[in-house]
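To start, the structure itself, in structure tokens.
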Amino acid sequence: MKLKSIALQSPDLNEPATLMQAFSRRRTNRDFDSRPLSEKHLSELLWAAYGANRPDGHKTVPSAMGIYPLDIYAVTAQGVYHYEPSTNSLEPVSEGDYRADTGIQDFAGQAPLDLVIVYNEDAFDVADKPTAKMLQKNQVRLTALDAGAVTQNIYLYCAVQGLNVVERMSAADDAIKKPLGLKRHQHFVVAMSVGYPPQH
């Protein structure tokens with residue numbers, strides 16, 4: 001495999017932007033320029049989505065009991081990477097262009113970056129049995145809450161940075177399992193396409 005780990009940049013926490021401006025600019029757009037995202041935008045986007053924002057490993061999004069059952073995969077023209085929040089890095093999974101496999105719409109294969117969010121059902125199997133039973137009973141609801149927070153963080157970051165983004169629930173589930181290296185306990189939740197607006 002020629003792909004190598006990518007150490008992402010630390011986020012610039014001093015950039016001026018208000019939360020209200022982010023809300024006002026938040027929108028869905030399915031048109032993308034072919035340019036790959038800059039290292040800055042790629043780094044900050046993933047950190048905003050699911051990065052560790054405290055020394056104890058807690059993240060930029062809430063998760064019941066700190067379980068954090070999600071995994072985020074970045075799919076580019078070069079290959080598939082798994083985002084590792086603890087090191088703020090992208091770890092190689094599969095070499096090759098699998099963007100079209102992340103969705104059933106044509107633009108999924110044309111956007112420079114497709115993010116695929118999956119959940120790990122094993123995360124709900126905690127040591128305390130009554131707690132594990134409660135979590136497993138509610139894992140669909142808890143997963144939806146976590147994924148919703150992640151996708152909104154991505155939308156707000158894109159709004160501030162002038163990036164186009166679209167959330168997608170439709171994917172060719174069977175097609176993405178192999179390139180993402182998904183195990184039996186990992187399940188697709190949602191995908192997102194991200195890129196710069198087309199240049200005219």
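Using a distance-only test at 3.5 Å, with no hydrogens or angles considered, no donor-acceptor pair links the side chain of Asp33 to the main chain of Tyr196. Under the 3.5 Å distance criterion, the side-chain polar atoms of Gln161 are left unmatched by any main-chain donor or acceptor of Cys158. A donor-acceptor pair is defined here as one N or O able to donate and one able to accept, closer than 3.5 Å; no such pair exists between the side chain of Tyr73 and the backbone of Leu115. Looking at Arg99, its side chain does come within 3.5 Å of a backbone N or O of Ala111 through a donor-acceptor pair. Between the side chain of Arg25 and the backbone N or O of Gly162, no donor-acceptor pair lies under 3.5 Å. Not one N or O on the side chain of Ser63 forms a donor-acceptor pair closer than 3.5 Å with the backbone of Gly66. Remark: side-chain polar atoms of Arg168 are paired, donor with acceptor, to backbone N or O of Thr102 under 3.5 angstrom. Side-chain N or O atoms of Asp106 include none that pairs as donor or acceptor with a backbone N or O of Ala108 at under 3.5 Å. Without hydrogens or angle criteria, Tyr98 side chain to Leu180 main chain gives no donor-acceptor distance under 3.5 Å.
Taking the six-membered ring where tryptophan is involved, the planes of Tyr119 and His187 are tilted, since the angle between them lies from 30° to 60°.
Residue Val61 forms a side chain to side chain contact (heavy atoms under 4.5 Å, CB included) with just one option from Thr151, Val150, Asn53, and that option is Val150.
Through chains of ILVMFWY side-chain contacts below 4.5 Å, Leu156 is grouped with Leu19, Met20, Phe23.
A search for salt bridge (charged side-chain N to carboxylate O under 4.0 Å, His left out) contacts involving Lys40 returns Glu15, Glu44, not counting sequence neighbours. Scored by the ring-ring contact (aromatic ring centres under 6.0 Å, His included) test, Phe32 finds no partners at all (sequence neighbours excluded).
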Pairs under 3.5 angstrom only: tabulate donor-acceptor contacts from the side chains of residues 122-132 to other protein residues two or more places apart or in another chain.
unit_1 : atom_1 : unit_2 : atom_2 : d
Asp128 : OD2    : Thr131 : N      : 3.0
Asp128 : OD2    : Thr131 : OG1    : 2.5

Validation: residues 81-90 side-chain donor-acceptor distances under 3.5 Å, sequence neighbours left out:
unit_1 : atom_1 : unit_2 : atom_2 : d
His82  : NE2    : Asp71  : OD1    : 3.0
Tyr83  : OH     : Asn88  : OD1    : 2.8
Glu84  : OE2    : Ser86  : N      : 3.2
Glu84  : OE2    : Ser86  : OG     : 2.7
Thr87  : OG1    : Ser89  : OG     : 2.6
Asn88  : ND2    : Gln9   : O      : 3.2
Ser89  : OG     : Glu91  : OE2    : 2.7

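Residue pairs meeting the ring pair (Phe, Tyr, Trp, His ring centres under 6.0 Å) criterion with at least one member in residues 146-171, sequence neighbours excluded, do not occur.
The side-chain heavy atoms of Met192 and Val166, taken from C-beta on, include no pair separated by under 4.5 Å.
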